[in-house]
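Take a look at the structure set out below.
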Amino acid sequence: MFRPFRSEVESAMTGCLEALDLPTGDLGIEEPPEDLDATLASSVAFRLASELGAAPPQVAQQLADAVDTDPYDYLDAVSTQGPYLNFHTSDAYQTETLEAAQESDYGQLEDRGESVVVEHTSANPTGPVHVGRARNPILGDAVANAMEMAGYDVERHYYVNDAGRQMAVFTWAYEKFDESDLDSEPARDRTEYDLVRYYRKGNSYLETADESAVEAAEAEIASILQGLEAGDEETYERVGEVVDQVLGGMKECLARLPAEFDEFVKETRFMVDGSTDELAERLKETEYAVYEEDAWQLELDEYGIDKNLVFLRSDETSLYTTRDLAHHEWKFDNFDRAVTVLGEDHKLQAEQLQATLDILGNDPERLDDVIYSYVNLPEGKMSTRRGTGVMLDDLLDEAIDRAREEVETRLDDRIRDDELDDDDIERIAHQVGIGAVRYDIVSKQPTKGITFRWDEALDFEAQSAPYVQYVHARCCGILEEADTEPTATEFDADVLSTPEERDLLAVVARFPAVIEEAGEDLEPHRIATYTRELAESFNGFYRSCPVLTAEDADTRQARLALVAAAKHTVANALSVLGVAAPDSM
RNA sequence: GGGCACGUAGCUCAGUCCGGAGAGAGCGUCGGACUUCUAAUCCGACGGUCGUGGGUUCGAAUCCCAUCGUGCCCGCCA
């Protein structure tokens, strides 16, 4: 009910200011400090003080007196404290929040009737997913989830770069070398770990072999690229054999997170259907196009980009961005909006794409980018080609092992007599281990750099996933013990009167607004911050408010409803983050 | 050299978009709380020139300018 309450406050303030013939452009509405019992506040009195020739506290009082709360359901009263106006909620606010949160989909906002394609990960199919890349699926999945919960109609796409130079090199190397040429065993028994050895071998060969050998190899690589450009069937099959195998392995790895996709869109698709050629022709016709140094380029100075964008090589083949432009026009044809999650190293390319889409007559406002910084090792960047980096599979394995150890050591001094069996332990180890990895990454602002350190990545201490997951397990424990989940008619929210109960309910009430903000601003880390506040409030409530042994039946019933509300809220918040919500821990 | 990001407690981070109520957490350190619905919990203490210097403002971690440090980018690679 926070969102409707906010609307009421805005409406009440606007009405009040209009009645006094004051400007309504800035209502100064903000969230008050935590130790106040007001739900919203306004600092507008500061700005109106000079205009009214009175000190801010007097202005605040004058405004508070003028506000009419009668027409509103959730706005109960306005008070002042110095220069601030404080807005207080009604009993109906509590009651209806508690009722709304009994629904297991609490936080799911109304359908906006707007479709959006969220493209994320899109890692080149060159080898195993390493931790440097892993921020993308974890962030991307959360962005998609947040938008979905905020009411958008979301599709998740993985754009497969199967037509670039890297894949041509890979295909050439895969065909040229034999197992006996390779100098190591696969690090893991899965296709991408096997095949990446050819890719690395090929790259080191190109760096170290003698000139004529490199020349011959480059000729073969160029012929593969040209074969793709010309739509040659056999070339597609050769490249496809490598791409599909490697991608298949990468999908298995990503599924462990899990990060799932509605569609894998191959870039060769936009070569085969002629849209890349057609697009290049259209670009040539624009006033931005120049033919320099035997290649077609686009001058983007007007867009503040001083680097020319080459869109056709001198041999007439297309480049990644050319194909990606066709890809994005396809997105615009099929979706209302497009969101792309990509590393900061692709930022310039994203700006060029944005500018060029505009030149081609598209509305660039329909495309948003979510940019994140790479996860680096203390000693530098991770690289598939060079074989440096921590593999996501290894990180997940370690995290699960660490979580399993934790569960087992806690087994002995466990109070609850629910007899965890081996399957439970394994389940909890997976939920907590993988959850901790995801939470650690998704809870930080994407623009902040992360340096990967094993001890930090495997730190399950507070302010991490298990802290929040534990709240869910506690809720489940209570509700299971009570042997009933209350329905919306069987409780009275008014009996929830302790500070801890009111605080928890107040936090629960804000959840839909947090979803709205995270979904609209593409900032899922806000949900992680919120889960921490929610968990803190719940633990405070848990400490001081017995539920099953409450002093009377009404209190017990209302607290059970509050526990169910907290459970749905924490479960749905974790679900947006892609973190499992364990029933027991 | 140019462009873009980041810089908040010893460490890891919220807060910055949209300026407002003594700058908040966690880890670590120190001290407390389990005959209790799960102690992966809770309570308390210690700890901060919000990189630095200017400016705007009644008010700046937040906006502007400058500066330093770190990262990323500046390929007919992706």
Side-chain angles (χ1 to χ4, degrees), chain A residues 26 28-30 32-36 41-43 45-47 49-50 55-56 81-84 86 122-124 126 161 163-167 169 267 293-297 304-307 310-315 317 319-321 324 343-349 351 371 373-374 376 381 403 406-407 410 413-418 428 432 440 443-445 447-451 453 456 459-467 469-471 473-482 521 523 525-526 528-529 532-533 535-536 539-540 542-550 559-560 563 584-585:
Chain A
D26 179 5
I29 291 172
E30 59 189 68
E34 273 179 39
D35 49 333
L36 268 60
S42 170
S43 59
F46 283 109
R47 265 90 66 196
S50 60
Q81 189 168 332
Y84 294 93
N86 290 321
S122 302
N124 296 342
T126 52
N161 307 140
R165 182 182 151 82
Q166 290 189 53
M167 291 323 299
V169 170
E267 64 174 334
E293 296 170 35
D294 298 325
W296 279 98
Q297 318 192 6
I305 301 167
D306 55 9
K307 189 74 201 159
V310 176
F311 63 93
L312 280 183
R313 293 190 181 98
S314 46
D315 67 357
T317 56
L319 288 95
Y320 173 82
T321 306
D324 204 21
E344 60 179 344
D345 50 333
H346 286 69
K347 204 170 176 180
L348 174 64
Q349 184 239 315
E351 283 163 7
I371 311 276
S373 283
Y374 254 55
N376 288 324
K381 281 186 81 167
E406 285 288 333
V407 180
R410 285 163 203 277
D413 41 36
R414 197 176 164 82
I415 297 172
R416 195 175 171 79
D417 58 349
D418 56 355
I428 295 167
V432 169
D440 184 51
S443 61
K444 297 180 170 96
Q445 284 181 43
T447 47
K448 306 247 183 182
I450 296 180
T451 301
R453 293 188 183 85
E456 286 176 14
D459 182 6
F460 295 164
E461 292 302 317
Q463 225 175 44
S464 74
Y467 176 70
Q469 290 174 312
Y470 191 57
V471 167
R474 277 181 153 177
C475 289
C476 289
I478 294 172
L479 293 171
E480 190 190 349
E481 202 80 14
D521 298 345
E523 292 186 330
H525 77 275
R526 286 164 181 260
T529 303
R532 244 155 8 221
E533 292 167 20
E536 268 173 35
N539 285 325
Y542 183 90
R543 180 184 64 250
S544 61
C545 300
V547 177
L548 298 175
T549 57
R559 285 180 180 168
L560 276 171
V563 171
S584 63
M585 279 174 74

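Proteins get letters first, then strands, A, B, ... in listed order; numbering begins at 1 in each. Reckoned from all heavy atoms, side chains included, excluding hydrogens, waters and symmetry mates.
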- Task: Take nucleotides 2-16 of chain B nucleotide by nucleotide from the 5' end and write B, S or -, depending on whether a protein heavy atom sits under 4.0 Å from the base, only from the sugar-phosphate, or from neither.
- Result: --SSSS----SSSSB
- Item | rG24(B) versus rA14(B) - spacing of their C1' atoms, nearest Å | 7 Å
- Can you list the residues that meet the salt bridge (charged side-chain N to carboxylate O under 4.0 Å, His left out) rule with Arg474(A), with sequence neighbours excluded? none
- Of the candidates rU41(B), rA78(B), rA40(B), the side chain of Glu267(A) sits closest to rA78(B)
- Task: Tell me which nucleotide among rA40(B), rC58(B), rC72(B) gets nearest to the side chain of Lys381(A).
- Result: rC72(B)
- Query: If you measure from the C1' atom in rG69(B) to the same atom in rA25(B), how many Å do you get, rounded?
  - Reply: 26 Å
- Measure the distance from CD on Glu30(A) to C1' on rG19(B) and round it to the nearest whole Å. 10 Å
- Message: Tell me whether the side-chain N or O atoms of Asn86(A) pair up with the base of rA21(B) as donor and acceptor below 3.5 Å, since no angle test is needed here.
- Response: yes
- Side chain of Pro546(A) (C-beta onward), nearest among rC37(B), rA21(B), rC42(B): rC37(B)
- Query: Would you call Glu351(A)-Lys347(A) a salt bridge at under 4.0 Å N-O?
  - Reply: no
- Item | Atom-pair distance (CD on Glu536(A); P on rG26(B)), nearest Å | 6 Å
- Quick one: is Arg165(A) getting a side-chain N or O under 4.0 Å of the rG75(B) phosphate, OP1 or OP2? no
